[in-house]
Amino acid sequence: VLSTRPAWLRPKTMAVQGAKGVGRIKRKMMDRISKRQSTPMKVALLVEPTPFTHVCGYANRFQEMLKYMKEFGDHVHIATPDDKLEAPNEFMGFPVKTLRGQR
């Protein structure tokens, strides 16, 4: 089936042009994307240092990842060490288990 969309609107593949099996790789990638959009993951995260009371680029990336996991409907449980009393019990609706820790 030929695509009627311009090349710049077509999904990109990880395959090298001219390589054998490009169509197979593209189909597998599209299958993964469609399954990912319809099947939520069950994820347990052990994160150190805590991204909730510690501010850094790492914390920003972690929180951004959780934002997208929530968007996909994933079920996430988080365990992280922390020594602050204001450590959250939940973040974006995900339960957070705070373990005794130190900085």
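Keep in mind the model is a prediction, meaning the values are calculated, not measured.
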Original post:
Just by modelled atom types, is the V76 backbone N or O under 3.5 Å from a matching donor or acceptor in the K42 side chain?
Top reply: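 Judged by distance alone, no pair lies under 3.5 Å.
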
Subject >> Q63 (side chain) donor-acceptor with P51 (main chain) under 3.5 angstrom >> reply: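 Yes; at least one donor-acceptor contact below 3.5 Å.
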
**OP:** List the atom of P81, the atom of T50, and the distance in Å for their closest heavy-atom pair.
**Re:**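 Heavy atoms only, the tightest pair is O-CB, 3.5 Å.
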
Original post:
I78 versus L66: any side-chain heavy-atom pair under 4.5 Å?
Top reply: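 Yes. Closest side-chain heavy atoms under 4.5 Å.
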
**OP:** Determine whether L46 and T80 make a side-chain contact, defined as any pair of heavy atoms from C-beta on separated by less than 4.5 Å.
**Re:**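 No - every pair of side-chain heavy atoms lies 4.5 Å or more apart.
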
Original post:
Side chains of D82 and T53: do they bring a donor and an acceptor to under 3.5 Å?
Top reply: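 On atom types as modelled, these side chains qualify, holding a pair under 3.5 Å.
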
Original post:
Are Y58 and L99 linked, directly or through other ILVMFWY residues, by side chains that come within less than 4.5 angstrom of each other?
Top reply: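 No.
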
Original post:
Under the salt bridge (Lys or Arg N to Asp or Glu O under 4.0 Å) test, which residues partner E64, sequence neighbours left out?
Top reply: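 Testing E64 for salt bridge (Lys or Arg N to Asp or Glu O under 4.0 Å), a comparison that skips the adjacent residues, returns K67.
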
**OP:** Determine the interplanar angle of the F62 and F52 rings, folded into 0 to 90°, and report it as parallel if under 30°, tilted if 30 to 60°, perpendicular if over 60°.
**Re:**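 Perpendicular.
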
**OP:** Just jot down the side-chain contact (heavy atoms from CB on, under 4.5 Å) partners of H77, sequence neighbours excluded, or say none.
**Re:**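 Counting only residues at least two positions away or on another chain, H77 forms a side-chain contact (heavy atoms from CB on, under 4.5 Å) with P95.
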
Original post:
Partners of E71 by side-chain contact (heavy atoms from CB on, under 4.5 Å), sequence neighbours excluded?
Top reply: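 side-chain contact (heavy atoms from CB on, under 4.5 Å) list for E71, sorted by chain: Y68.
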
Original post:
Which pairs count as salt bridge (Lys or Arg N to Asp or Glu O under 4.0 Å) when at least one residue sits in residues 85-97, sequence neighbours excluded?
Top reply: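 Passing the test, one end in residues 85-97: no pairs.
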
**OP:** With V43 as reference, evaluate H75, M69, M65 under the side chain to side chain contact (heavy atoms under 4.5 Å, CB included) test and give the passing residue.
**Re:**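 The option that passes is M69.
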
Original post:
In chain order, what residues pass the ring pair (Phe, Tyr, Trp, His ring centres under 6.0 Å) check against F94, with sequence neighbours excluded?
Top reply: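 Ring pair (Phe, Tyr, Trp, His ring centres under 6.0 Å) check on F94 returns nothing, list empty.
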
